[in-house]
Number of protein chains: 2
Amino acid sequence: MNDSDLQSPSSLRRALRLLRVLAAGDPAGLRLKDIAEAADCSQPTAHRMLQDLAAEGFAEQAAGKRYRLALDFYVLAARAGQASGLREAARPALLRLSATLSDTIFLLVRNGFDAVCLDRVEGPFPIRSFTGDIGGKVPLGLGQGSLAILANLPEDEQEAVIRFNIPRLLDRGFLDEASLRSALAQARAQGWVNTSTGLIPGMAGVGVPVLDTQARAVAALSVGTLAERLNADRLPHVVKILQGEAQALAGKLNPFDVALRYPSRSLSTIGN
Amino acid sequence: MNDSDLQSPSSLRRALRLLRVLAAGDPAGLRLKDIAEAADCSQPTAHRMLQDLAAEGFAEQAAGKRYRLALDFYVLAARAGQASGLREAARPALLRLSATLSDTIFLLVRNGFDAVCLDRVEGPFPIRSFTGDIGGKVPLGLGQGSLAILANLPEDEQEAVIRFNIPRLLDRGFLDEASLRSALAQARAQGWVNTSTGLIPGMAGVGVPVLDTQARAVAALSVGTLAERLNADRLPHVVKILQGEAQALAGKLNPFDVALRYPSRSLSTIGN
DNA sequence: AGAAAGATTCCGGTATATGGATTATTAGAC
DNA sequence: GTCTAATAATCCATATACCGGAATCTTTCT
């Protein structure tokens, strides 16, 4: 069930898991003993690795000897996932949208079977969303932006994702396969997704895909707001503005970059 | 002079340097051969390490076998308690400032002998800055925000930083020690830094420190704009608004968090 | 299609990571 | 403030798993 390949992972992989432990733990820092335990390695080993991590600027020791991720880690991370410069390119659009619509705007990208929130600009209204904050993940198909991406993948990939995600969607209590497929058909036909499937009570949103030159979705822009703020009067306006930005954004993207295909790593990490 | 500690760094440290190489290189990915060369290790070694990095979700192989940092890395960092929550806490202030002033706003923090750009909100005018994008570093003392931080460090630390940074500043062609010290004195006296030292032609800026409860700088907010947009009329206004946000931000910070002290890693990584 | 450059795999020698035991340090109790 | 239990750091012999040259497979360029 789990991935622990029978032969112990390389020392490097164990060290990287240490980083995961640190990332998952209290931002104020974790005690060596707990780290060693969580990472399932001896205390001296954890210590030595943490020393190395600290020496390279990835970790640091806070007061009380607690270890935590250091700034360099965040600095490097800011450079990750920048392949298409998407976040950079989209930032102005997000700000404009948020300013124009006075709502919370999300930038989502596909990653494997998930949509990941790459950036988010807060509006004045408190919002509940699936993706949550930057870095949040949802199965493709759940939520407006996520659905907009899934609806605009090449057919074979879409099929694979659907097959894989159906149980995950059911787990979260939404959408049987039939309604998912009809929602996808509608999304592709009209070019955007609204909140017709009613997901979080009182919340509503619109998602539009950002398409590459071959009309495949590489990302999505979406608005999350209160249901009452997306009435029949306002909806078309919101859709139009979103589509305009999505199109402009598509034009700015490096056409060389293609959507990430299935990640090679094992599927067992999906649960993270 | 240089660090090559005579005993070769541990394999973990070498692997972490690989990550740095990836972060520094083309976001579209680097070829194995170039990575191996940049990291100064054999091709098979680089290959093996990259495989492990990929297996743990820190790197990935894009089309053309190119290796680059993976999105999971970003996700991991985003989900981890943002370094001291500063970025989170400051985001609204940055957005407000950018909206109010119509200029580019920077959030800088101290890290060792550098100021690091933690966040940045673009204004409508194209800006050249030392820190550049998120994650960019400058020696403490170079640039308005960076100077504002240095000016408000405890005396002993400030002295250590000055001593260390003088040659680095000279390298970049700016500021002899005397003018640095006088700029620091002025900065501390008036509580903000303007562009009096004339750094990038046509550019101007204002930086104010974000102080902790002991009046030590933990960060700085700064504005970068065109020189013509910071005339005598507007300057006081900008300073006042910046200071207001900096003060409000200081109030929101967890008083438990203290400025990062000197990182334990060797000084030789400064050149990065 | 051919050739050259690059990526991946293989494998033996050896450097190096490992964890138990030891010492040093910290945190908590009184 | 002192003592004690718990955690962190260090040491060291051992065996492991890392390393890089050479061979093979793959891609990219002419």
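This one's a predicted model, so the numbers in the text were calculated from it and none came from an experiment. Residue numbers start from 1 in every chain, and the chains themselves are labelled A, B, ... in the order their sequence lines are given, proteins ahead of strands.
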Proximal nucleotide (of dG20(D), dT26(C), dC18(D)) relative to the Pro44(B) side chain: dG20(D)
Whole Å only: how far is the CG atom of Leu50(A) from the C1' atom of dA8(D)? 11 Å
Counting only side-chain heavy atoms from C-beta out, which of dA7(C), dC19(D), dT18(C) sits nearest to Met49(A)? dT18(C)
Calculate, to the nearest 0.5 Å, the distance between atoms CD and CG belonging to Glu37(A) and Leu32(A) respectively. 11.0 Å
Could you tell me how the ring of Phe164(A) sits relative to the ring of Phe113(A): parallel (under 30°), tilted (30 to 60°) or perpendicular (over 60°)? parallel
For Asp40(A) and dG19(C), what is the distance between atoms CG and C1' respectively, to the nearest whole Å? 13 Å
What is the distance, rounded to the nearest whole Å, between atom CZ of Arg31(A) and atom C1' of dT25(C)? 14 Å
Quick check on DNA chain C: between Arg66(A) and Cys41(A), whose nearest nucleotide comes earlier from the 5' end? Cys41(A)
Heavy atoms from C-beta onward define the side chain here; which of dC18(D), dA7(C), dA8(D) lies closest to that of Lys33(A)? dA8(D)
Under 4.0 Å between a side-chain N/O of Tyr67(A) and OP1 or OP2 of dA9(D), yes or no? yes
Judged by each residue's nearest nucleotide on DNA chain D, which is more toward the 5′ side, Ser11(A) or Asp34(A)? Asp34(A)
Can a salt bridge be assigned to the pair Asp26(B) and Arg66(B) using a cut-off of 4.0 Å between side-chain N and carboxylate O? no
Selection from dT18(C), dA7(C), dC11(D) that lies nearest to any side-chain heavy atom of Thr45(A): dT18(C)
Could you give the CD-to-C1' distance, from Glu37(A) to dT7(D), as a whole number of Å? 13 Å
For Lys65(B) and for Asp52(B), find the nucleotide of DNA chain D with the closest heavy atom, then tell me which residue's nucleotide is more 5'. Asp52(B)
Distance in angstrom units between Leu18(B) CG and dC19(D) P, rounded: 11 Å
Among dG20(D), dA9(D), dA17(C), which is the nearest nucleotide to the side chain of Arg48(B)? dG20(D)
Ignoring the backbone of Gln61(A), work out which of dC10(C), dC11(D), dA8(D) is nearest its side chain. dA8(D)
Among the candidates dA8(D), dG21(D), dC19(D), find the nucleotide nearest to the side-chain atoms of Gln43(A). dA8(D)
Closer than 4.0 angstrom, basic N to acidic O: yes or no for Asp34(B) and Arg31(B)? yes
Would you mind reading off the distance between Arg13(A) atom CZ and dA17(D) atom P, rounded to a whole angstrom? 14 Å
Among dG19(C), dC18(D), dT8(C), the nucleotide that comes nearest once only the side chain of Ser42(A) is considered: dG19(C)
Taking the side chain of His47(B) as its heavy atoms from C-beta onward, which of dT8(C), dA9(D), dT18(C) lies nearest to it? dT8(C)
Checking side chain to side chain donor-acceptor pair (under 3.5 Å) for the pair His47(A)/Gln43(A): CA distance, chi angles, key distance, verdict? CA-CA 6 Å; His47(A) 180 257; Gln43(A) 219 159 296; over 6 Å; no
Over how many whole Å does the gap from Leu12(A) atom CG to dC19(D) atom P extend? 9 Å
Against the side chain of Arg14(A), the closest entry in dC10(C), dC19(D), dT18(C) is dT18(C)
State the CZ-CD distance between Arg14(A) and Glu56(B), to the nearest 0.5 angstrom. 11.0 Å
